[in-house]
2 protein chains.
Amino acid sequence: MTLSNLKNQYNDYIKLNGLKSSKRRDLIFENIVKKIGHFTTDDIYSDLLKTDPVIGIATVYRTIRLLVDSGILVEHTFGEKRGFFEINNQQAPEHGHLICLKCGHITEFYSKTIEKNVKFMQKQHNYKINSYKFEIFGICPKCQKSEK
Amino acid sequence: MTLSNLKNQYNDYIKLNGLKSSKRRDLIFENIVKKIGHFTTDDIYSDLLKTDPVIGIATVYRTIRLLVDSGILVEHTFGEKRGFFEINNQQAPEHGHLICLKCGHITEFYSKTIEKNVKFMQKQHNYKINSYKFEIFGICPKCQKSEK
DNA sequence: ATTAATTTTGATAATCACTATCATTATTAA
DNA sequence: TTAATAATGATAGTGATTATCAAAATTAAT
Ligand SMILES: [Mn+2]
Ligand SMILES: [Mn+2]
Ligand SMILES: [Zn+2]
Ligand SMILES: [Zn+2]
């Protein structure tokens, strides 16, 4: 997913849904699009506060929801009861996550096997599949060392 | 997992942690152990209210947490930001879930391939694995029909 | 540019699922 | 029995998120 692709996707979504463009929303979009890895709404809010001290957190929540609805972001929970987000790279195949129960560190992995398995389940259960999540919980190598 | 196995596991956990036995907790345990499929804390609370109108929801939350800690229950989120629980059948291998985005219906599936994949990831990333979740989101056959 | 219609925004109240606190009650070992 | 400790229910508090609403911004049509 290139930046200009995402920008097009963003602008198209706004047009297609009869929304108006706005400075604040653009600012949030620009910030998010620069992020690598996974982030929370609060991460983005804190970032933006530095250059825009009057931005409201509701606007950040709203815009992130919009970006999820438009397919630009995907949401995860990673076993917690709050949202984690990341850019939805529609080029690459979906990926799984290894989540460290100690430090929260997240490692991504790709697997053709999983892809196949999802397709198999789709057929077997007559499901129209939208997305999937494969999350493995455990202790990362670093935390294993520091455990002793 | 037989009922008596679970009861042993429950009693052992209570002894091992220096807890006292109690009528209320036993009642909650008995109710949960009869459940099939996935349930929320509120499901259990509503059930119990019928025969025990003074039970507090805090006690249900506490007991379910205890049962998760003891390994009797496993918790899921199924893409939502609240807990769903089910009996942890330690005999059977872990299973995945197909979740209908329309009606919320959940279908379980087993897959040796996934098991192998998890072991592979464990080796490849030097992780000490605790558990995993494989969730596929889509539209179930029933809802596909009623969509037209 | 001015207006009018509509959307966006920030403040903040409300909600939802859950955890913490605490005085009262129950359990248990002595 | 008593004494120590755990369990309980009521309820306050929390954290993440959504809803509400008046004011400000955007847009399209004059
Ligand atoms: Mn990821
Ligand atoms: Mn299940
Ligand atoms: Zn770690
Ligand atoms: Zn369905």
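The sequence lines fix the lettering, A, B, ..., with proteins before strands; numbering per chain opens at 1. Keep in mind it's a predicted model, so treat the numbers as computed, not measured.
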### Query
If you look at every strand shown and take non-hydrogen atoms under 4.0 Å, does Ser21(B) touch a base, only sugar-phosphate, or nothing?
sugar-phosphate

### Query
Taking OP1 and OP2 of dC16(C), is either one under 4.0 Å from a side-chain nitrogen or oxygen of Arg82(B)?
no

### Query
Below 4.0 angstrom from OP1 or OP2 of dT19(C), is there any side-chain N or O of Arg65(B)?
yes

### Message
Expressed as a whole number of angstroms, how long is the span from Asp26(A):CG to dT9(C):P?
### Response
9 Å

### Query
What's the closest nucleotide to the Tyr61(B) side chain, out of dC18(C), dT9(C), dA7(D)?
dC18(C)

### Summary
Rounded to whole Å, OH of Tyr13(A) lies from C1' of dT7(C) at a distance of 14 Å

### Message
Categorize Arg62(A) for me: base, sugar-phosphate, or nothing, with a 4.0 angstrom heavy-atom threshold over every strand shown.
### Response
base

### Query
So which nucleotide from dT8(C), dT8(D), dC18(C) ends up closest to the side chain of Lys81(A)?
dC18(C)

### Message
As a test of reading the structure: which of dG9(D), dC18(C), dT8(C) is closest to the side chain of Ile55(B), going by heavy atoms?
### Response
dG9(D)

### Side chain of Lys23(B) (C-beta onward), nearest among dT27(C), dA5(C), dA17(C)
dT27(C)

### Task
Measure the acute angle between the ring planes of His125(A) and Phe109(B), then classify it against the limits of 30° and 60° as parallel, tilted or perpendicular.
tilted

### Message
For a quick test of reading the model, state the closest non-hydrogen atom pair linking Pro93(A) to Glu115(A) and the distance between them.
### Response
CB-OE2, 3.6 Å

### Query
Of the candidate nucleotides dA11(C), dT8(D), dC18(C), which contains the atom at the shortest distance from the side chain of Ala58(A)?
dA11(C)

### Query
Are Asp42(A) and Arg82(A) ion-paired here, with the side-chain N under 4.0 Å from a carboxylate O?
no

### Task
Send over the distance from Glu80(B) CD to dT15(C) C1', rounded to a whole Å.
15 Å

### Query
Which whole-number value in Å describes the distance from Leu16(A) CG to dT7(C) P?
15 Å

### Task
Could you say whether Leu19(B) or Ile57(A) is positioned toward the 5' end of DNA chain D, judged by the nucleotide with the nearest heavy atom to each?
Leu19(B)

### Task
Give me the ring orientation class for Phe78(A) and His97(A): parallel if the planes are under 30° apart, tilted from 30 to 60°, perpendicular past 60°.
perpendicular

### Task
Measure the distance from CG on Leu67(B) to P on dA7(D) and round it to the nearest whole Å.
13 Å

### Query
For the pair made of NZ in Lys15(B) and P in dA29(C), what is the distance, rounded to whole Å?
10 Å

### Query
Would you call the rings of His38(A) and His76(A) parallel, tilted or perpendicular if under 30° counts as parallel and over 60° as perpendicular?
perpendicular

### Task
Please determine if a side-chain N or O atom of Thr59(B) lies less than 4.0 Å away from the OP1 or OP2 oxygen of dG9(D).
yes

### Query
Between dA26(C) atom C1' and Ile14(B) atom CD1, what is the distance in whole Å?
14 Å

### Query
Nearest-Å distance, CG (Asn17(A)) to C1' (dT27(D))?
17 Å

### Query
So, is Arg24(A) close to the dG10(C) phosphate, meaning a side-chain N or O under 4.0 Å from OP1 or OP2?
yes

### Task
May I ask you to verify whether the side chain of Lys20(A) and the base of dT26(D) hold a donor-acceptor pair under 3.5 Å?
yes

### Message
Between Lys81(A) and Glu75(B), is the salt bridge (Lys or Arg N to Asp or Glu O under 4.0 Å) condition met? List the steps.
### Response
CA-CA 12 Å; Lys81(A) 299 208 174 87; Glu75(B) 182 166 8; 2.8 Å; yes

#### Entry: Under-4.0 Å side-chain N/O to phosphate OP1/OP2 contact, Ser22(A) with dT9(C)
yes

